[in-house]
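Following: one structure in structure tokens, then a few remarks.
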Amino acid sequence: MKKIENSFAVTGFIGKDAEIRQFTSASVAKFSLAVGRTETVGKETKRVSAFMAVEVWRKNDSASFELLKKGQMITVRGYFKPEEWSDDKGKHNRMVMVATEFFATPEKDEAPAEQKSTSKKAKK
């Protein structure tokens, strides 16, 4: 049977300062990450964005969550963790992105539209 790898890497902007909880030997930071992409349908181009739930666990002696502030662009790598729970409204589930690594991402300047179309033509 083939092994299926459960991993992701995504770059986005932190939606609000991370909520940090400390336990006896570890801490967890939970935050939302705004990710997006550009879609073109016919002649119309629009930006499509979504917020994703991310959590990062660290041992207390190595915890450093200073980077996890609203508006910071970061790249996150990790795995998907399914969560299930029940309450008075029934059963619920969601997928959480657990980051095993995160780091600041340098912003790249976008090339003007003229350069983009020229570079696409050159590649063909």
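- For the atom pair CG of Leu67 and CZ of Phe102, the computed distance is 6.0 Å after rounding to the nearest 0.5 Å.
- If you check the side chains of Asn60 and Ser27, you find a donor sitting under 3.5 Å from an acceptor.
- Residue Glu39 qualifies as enclosed at atom CD: its count of foreign heavy atoms under 6.0 Å is above 12.
- No side-chain heavy atom of Lys69 sits less than 4.5 Å from a side-chain heavy atom of Ile14.
- With ring centers used as reference points, Phe8 lies under 6.0 Å from Phe80.
- Here the NZ-OG distance, from Lys70 to Ser32, works out to 9.5 Å after rounding to the nearest 0.5 Å.
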I would like to know whether Arg94 and Trp85 meet side-chain contact (heavy atoms from CB on, under 4.5 Å); could you show each step before the answer? CA-CA 9 Å; Arg94 69 177 174 181; Trp85 71 96; 3.8 Å; yes

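- Remark: Glu44 CD is loosely packed, at most 12 non-hydrogen atoms of other residues, nucleotides or ligands lying under 6.0 Å away.
- Within a 6.0 Å radius of CD in Glu83, more than 12 heavy atoms belonging to other residues, nucleotides or ligands are found.
- Placement of Met97 and Val28 in two distinct hydrophobic clusters is found when ILVMFWY residues are connected by side-chain heavy-atom separations under 4.5 Å, directly or transitively.
- Going from atom CZ of Phe65 over to atom CZ of Arg58 covers 6.0 Å, rounded to the nearest 0.5 Å.
- Both Ile20 and Val54 are part of a single hydrophobic cluster, where members link through side-chain heavy atoms under 4.5 Å apart.
- Closest non-hydrogen pair, Phe51 versus Ala34, comes out as CE2-CB, 3.6 Å.
- In the hydrophobic clustering of ILVMFWY residues, with side-chain heavy atoms under 4.5 Å counting as a link, Phe31 and Val10 come out together.
- Atom CD of residue Glu5 and atom OH of residue Tyr79 lie 13.5 Å apart, to the nearest 0.5 angstrom.
- Salt-bridge check for Arg21 with Glu19: failed, with every basic side-chain N at 4.0 Å or more from each acidic carboxylate O.
- Within the 4.5 Å cutoff, the side chain of Leu68 has heavy atoms near those of the Ile74 side chain.
- Under the rule for a side chain to side chain donor-acceptor pair (under 3.5 Å), the partners of Glu55 that lie at least two apart in sequence or sit in another chain are Trp57, Lys81.
- Summarising the geometry of Pro82 relative to Met95, their closest heavy-atom pair is N-SD, 3.7 Å, with the distance given to 0.1 Å.
- Here the shortest heavy-atom pairing between Arg47 and Thr38 reads NH1-OG1, 3.5 Å.
- Taken to the nearest 0.5 Å, the OG1 atom of Thr75 stands 7.5 Å off from the CE atom of Met73.
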From CA spacing to verdict: side-chain contact (heavy atoms from CB on, under 4.5 Å), Glu101, Val76: CA-CA 6 Å; Glu101 176 184 14; Val76 179; over 6 Å; no

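- Remark: Arg77 CZ to Thr11 OG1 distance equals 8.5 Å, nearest 0.5 Å.
- Here the shortest heavy-atom pairing between Gly12 and Val35 reads CA-CG1, 4.3 Å.
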